[in-house]
Structure formats: structure tokens, C-alpha cells
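To start, the structure itself, in C-alpha cells.
No experiment lies behind these values; they were computed from the predicted model shown. By convention here, the first residue in the shown sequence is residue 1.
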Amino acid sequence: MRRTTVAGAAMLGYLIGTFPTADLVARRASGGRVDLRRSGSGNPGGANTLKLLGRRAGYTVMAGDIGKGAVASGVGAMVGGPAGAHLAGSASVIGHCFPVWLRFKGGKGVATGFGALVAFDPLIWVLAGAVWLGVLAAFRMVSLAS
């Protein structure tokens, strides 16, 4: 893969990862009354959204964050094959955790990383999901499952 392709896959993945899913969903679901970064755990992620704004908003954030990783990996695969998928997927997680638009203060990257696994290896995605669900069922702690 050429250097320009590598750089392009990484930049594109990072930019996809910076999309502020939780902020947009919270603004819409609460009419702008709830700031996830100042409420609950302070984390702009699906679990905090779920606790503060309910299932619909929380699951929407989770789906959006998973989608960011999957889209970034898929675009990276189209641009640079398997290496591009890995690079763009990883860059999307970095973009989610450290978005330039939000002074490098983002989420934890769990859902985005989970979405990136789809393009890396679907079998690993299924196994990781099963382990996550098992830990969640056993201990009832999203943070531990993550």
C-alpha cells in the first residue's frame, strides 16, 4: 500500500471517529437540557446516555458508535485492503477518544472499537460480543464488560 493511501485511510478513519454521536443524540433527546459531559459519569457514551436519557437514546448512541468503527474499517478496506481496514478502524477509535473538535476529550472507544472489529474479522467480533454479554450478565457492570 502506498504512503498516500495509508495516510488517507488513517485521516479518513480519524475523521469518521470524531463524529459526535452522543452529543447529537443527547441534544435531540433532551431538547438541549442534558450535557453528557457534565451529567452522570461525564462520559459521552452509550452507557451514560442510557442512564440519563433512556433506552432509545442510549441504544441509538451505541449503534452510532459501533457504526462509526464499522464504516471507517469498511472504507479503509476499500481504499487499502486489509491493512487499510485495520488502520482506518484503529484511527476511528483514536478519533472517538480524542476528537479534535472537542478539545481531544471524547469517549472511551469501546463501541467504536467493537464496530471496527467487524471489518477486521467477523468471527472475532462475534466472540468479543459473546464475552462482553457474558460478563455483563454475570456482573451487571458495563464498565467491567467493556
Main-chain N/O of [Y] paired with [X] side-chain donor or acceptor, under 3.5 Å:
X: T18; Y: L15; answer: yes
X: W125; Y: F114; answer: yes
X: D65; Y: G45; answer: no

Distance-only donor-acceptor hits, side chain of residues 132-142, under 3.5 Å, sequence neighbours excluded:
unit_1: W132; atom_1: NE1; unit_2: S146; atom_2: OG; d: 3.4

Might you point out which heavy atoms bring [X] and [Y] nearest each other, and give the distance in Å?
X: V25; Y: T60; result: CG2-CG2, 3.8 Å
X: A10; Y: A91; result: O-CB, 3.3 Å
X: M62; Y: A111; result: O-CB, 4.2 Å
X: A88; Y: G76; result: CB-CA, 3.7 Å
X: P44; Y: G107; result: CG-N, 3.9 Å
X: P20; Y: L102; result: CB-CD1, 4.5 Å

Using the rule that Ile, Leu, Val, Met, Phe, Trp and Tyr join whenever any side-chain heavy atoms are under 4.5 Å apart, tell me whether [X] and [Y] fall into a single cluster.
X: L117; Y: V126; value: yes
X: L12; Y: V100; value: no
X: M78; Y: V71; value: yes
X: V75; Y: M11; value: no

So how far is it from [X] [atom1] to [Y] [atom2], rounded to the nearest 0.5 Å?
X: T112; Y: I16; atom1: OG1; atom2: CD1; answer: 11.0 Å
X: C97; Y: K105; atom1: SG; atom2: NZ; answer: 14.5 Å
X: L53; Y: S39; atom1: CG; atom2: OG; answer: 8.5 Å
X: L36; Y: T49; atom1: CG; atom2: OG1; answer: 4.0 Å

Subject >> Residue pair S73 / V118, side-chain heavy-atom distance below 4.5 Å >> reply: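 They are not in side-chain contact.
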Original post:
Does the side chain of D23 come within less than 4.5 Å of R37's, by heavy atoms?
Top reply: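 Of all side-chain heavy-atom pairs linking D23 with R37, at least one is under 4.5 Å.
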Original post:
Does F19 have any ring-ring contact (aromatic ring centres under 6.0 Å, His included) partners at least two apart in sequence or in another chain, and if so, which?
Top reply: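 F19 satisfies ring-ring contact (aromatic ring centres under 6.0 Å, His included) with no other residue.
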Original post:
Taking everything shown except R27 itself, do over 12 heavy atoms lie less than 6.0 Å from its CZ?
Top reply: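 No - once you tally the heavy atoms of other residues, nucleotides and ligands closer than 6.0 Å, there are 12 at most.
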